[in-house]
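Position 1 is the first residue of the sequence, and the numbers go up from there. Model, not experiment: these values are computed from the prediction.
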Amino acid sequence: MTRTAARRRPSRTAGVLLALATVLAGCVSIPDQGPVRTVEGGRPEQVSPARFRPAGPVDGASPNEIVNGFLQAMMASPVRYDIARRFLTKGASEDWRPRDSVTVYSQTSVSLPEARTGGESVAVDLVREAVLTDQGRFTVPASREERLDLTLVLEDEQWRIADPPPGAMIKQDFFEDYYDSLNSYFFDAAGKQLVAEPVHLPDDENLPTYLVSSVLKGPRGAVGGQARTFLPDTWALARPVEIDDEGVAVIRFDGSDSGMPLDDRERLSAQLVWSLRQVPTVTGVEILLGDRAISLPNTPQVQRLDTWTQYDPAADRSTQLFAMMEGRLVVVGRTSTSPFAGTWGTEPVRSEDFRVSLDAERIALVNDGRRVVRVSPLAGEPQLVTVRQGTDLLRPSWDEAGRLWTVDRTAAGSQLTVGPTDAAPRAIALGPLAKGRVTGFELSPDGARFLATARVGGSDGLYVGAIRYDPETGEVIGLVDIGEIPTPADTGVPLSAAWRTSTSIALLAQANERAPQVTLVAIDSSSPVTGAVQVGLLPQDSARQVLAAGLVSAPVYVLDAEGLLWTQNNDGRWQQAEGDPVSTAGFAG
């Protein structure tokens with residue numbers, strides 16, 4: 001089968017974002033063109049990738065034909081490189097390591113250059129869109145345009161490539177059709193909760209093996225270099241992961257768990273189960289060392305996909321949206337809005353903004369023209385205590401430890417402080433955001449990252465960084481790996497952002513004079529290549545803030561300039577939530 005005979009389907013690398021949008025919209029339809037896909041209407045049929053086996057070299061092929069054939073041969077599904085090796089000399093075939101990396105390119109031209117040195121030299125000019133590591137992590141190349149000068153020599157009277165480029169190379173449309181976006185799971189520095197790292201892997205029958213191999217290679221700088229794994233570096237896959245007739249993924253390792261603490265065995269099991277449960281055909285996971293199951297007392301040999309919830313950072317996270325209506329705290333639902341129980345729901349309290357803590361036991365209010373943050377318990381009468389003072393305070397954030405994160409905007413830039421409410425906070429450097437104006441700051445559901453919308457150097461952008469903690473004390477050390485997240489050109493200017501999951505963001509942005517729209521983007525900068533997913537068509541042109549809890553089970557809301565809240569109905573269309581206008585709104589945290 002040729003690729004032209006294969007079907008054209010929605011981007012598989014946008015699969016995770018599309019799945020999230022499907023939960024939001026209920027039903028979806030996706031146009032074939034453009035980097036931003038709109039989600040509404042009827043759900044498309046999810047067709048598995050068609051198999052594609054490229055042809056090998058033919059006798060008498062010219063140098064150009066050999067190079068073109070080699071480029072084509074690297075795009076096989078399921079992944080295989082034996083055919084591509086046939087375009088290489090014997091020595092080059094033995095040395096070539098295509099699984100070390102994958103270059104994704106969008107344009108290419110093959111030509112014979114004017115200058116030739118030894119044999120035949122064929123030039124390949126291409127535009128690089130991305131480079132995937134051997135784990136499938138998406139990286140943006142420092143320079144996009146690249147020229148490869150490949151030397152061809154005669155071997156057994158046939159032209160063969162003597163110096164292939166390192167790694168494999170695939171075209172962007174092949175990447176979109178035949179790769180999927182997933183997460184490899186590791187642990188935070190303290191080993192208390194799972195953290196996700198985005199990866200892009202071939203979507204074929206060997207996907208479970210690729211995913212386990214990605215996890216087995218370790219975090220390698222994931223989540224700002226602080227993620228850790230509990231899979232021993234002495235373990236290796238004994239054979240590809242097998243899926244039996246009941247959907248159980250059987251993983252066989254060469255290795256031993258002798259002397260390994262039970263907690264470590266549980267954690268490595270959680271990493272594997274959480275990673276493999278993303279594969280639709282998997283119903284359970286069995287981990288074997290040789291022919292013996294890993295020792296886990298009180299745990300079935302076939303581990304269920306819903307186990308290890310004790311390591312889920314969002315297991316107890318609230319999906320409730322809170323809002324202020326005429327100074328009173330209310331609880332917002334899709335079809336009704338009700339007063340918060342007690343005094344907070346009946347007696348008005350003045351504030352410019354607010355945030356309820358993750359445990360819903362405290363509330364932080366921004367008062368006095370955004371110069372003061374006061375905190376009070378939510379139970380009983382308000383007992384407001386001043387905990388932060390500044391010039392222009394942004395809405396604060398609460399973390400799992402009960403610390404308050406506060407951004408203050410001054411004439412010199414933006415400053416971040418973090419700490420408990422009963423002690424002086426610590427200043428945390430904002431890196432490239434320090435000289436800009438931060439307009440939004442949100443902690444990820446797992447606490448491993450933050451996102452920010454900010455105006456830096458006269459340009460509005462979306463930024464993501466990792467949070468580094470002390471593994472012993474849990475104290476916040478600083479922010480690392482802060483970078484701007486590119487979005488497709490037609491997404492527009494970022495207005496507001498919220499975490500949809502730990503690795504995806506709901507972004508409210510406005511392009512030209514059109515109404516602002518909500519788009520789901522990936523945190524690994526892959527959206528300009530894989531395509532972003534636009535959630536419905538928001539009719540409200542005065543939308544100013546997007547609100548999400550970081551959980552797929554919670555709806556996404558949009559707050560407009562008139563104080564009206566919008567969410568999606570079962571048909572995926574935005575509709576006004578029931579209730580009167582509110583001044584501010586936000587999920588806990």
Inset, instruction - Report the residues that fulfil salt bridge (Lys or Arg N to Asp or Glu O under 4.0 Å) with Arg86, sequence neighbours left out, ordered by chain and then residue number. - result: none
Inset, instruction - Using only heavy-atom distances, determine whether the side chains of Thr519 and Thr491 contain a donor-acceptor pair under 3.5 Å. - result: no
Legend entry - Any residue meeting salt bridge (Lys or Arg N to Asp or Glu O under 4.0 Å) with Asp125, in chain and number order, not counting sequence neighbours: Arg147
Inset, instruction - Using the side chain to side chain donor-acceptor pair (under 3.5 Å) rule, collect all pairs that involve residues 90-99, keeping only residues at least two apart or in two chains. - result: Arg97-Asp100
Legend entry - Partner set under ring-ring contact (aromatic ring centres under 6.0 Å, His included) for Phe441, not counting sequence neighbours: Phe450
Inset, instruction - State which residues pass ring-ring contact (aromatic ring centres under 6.0 Å, His included) with Tyr185; sequence neighbours excluded, sorted by chain then number. - result: Trp274
Legend entry - Pair Thr151-Ile161, side chain to side chain contact (heavy atoms under 4.5 Å, CB included): steps then yes or no: CA-CA 6 Å; Thr151 301; Ile161 300 170; over 6 Å; no
Inset, instruction - Give every residue pair that meets the salt bridge (Lys or Arg N to Asp or Glu O under 4.0 Å) criterion with at least one member in residues 221-242, sequence neighbours excluded. - result: Arg239-Glu242
Legend entry - Pairs involving residues 122-165, ordered by first then second residue, that meet ring pair (Phe, Tyr, Trp, His ring centres under 6.0 Å) (sequence neighbours left out): Phe138-His200
Legend entry - Under the salt bridge (Lys or Arg N to Asp or Glu O under 4.0 Å) test, residues paired with Arg449 that sit two or more places apart: Glu197
Inset, instruction - Sequence neighbours left out, what passes ring-ring contact (aromatic ring centres under 6.0 Å, His included) with Phe230? Give chain and number order. - result: Phe187
Which pairs would a plain distance check flag for residues 454-463, meaning a side-chain donor or acceptor within less than 3.5 Å of a matching protein atom at least two apart in sequence or in another chain?
{"unit_1": "Arg455", "atom_1": "NH1", "unit_2": "Asp460", "atom_2": "OD2", "d": "2.6"}
{"unit_1": "Arg455", "atom_1": "NH2", "unit_2": "Gly458", "atom_2": "O", "d": "2.9"}

Legend entry - Asp188 side chain vs Ala448 backbone, donor-acceptor pair below 3.5 Å: no
Inset, instruction - Taking atom CG of Asp82 as the centre, report whether more than 12 heavy atoms of other residues, nucleotides or ligands fall under 6.0 Å from it. - result: yes
Legend entry - Inter- and intrachain pairs under salt bridge (Lys or Arg N to Asp or Glu O under 4.0 Å), touching residues 503-530, at least two apart: none
Inset, instruction - Tell me, please, which residues at least two apart from Phe186 pass ring-ring contact (aromatic ring centres under 6.0 Å, His included). - result: none
Inset, instruction - Examine the side chains of Thr487 and Ser527 and answer whether a donor and an acceptor come within less than 3.5 Å of each other. - result: no
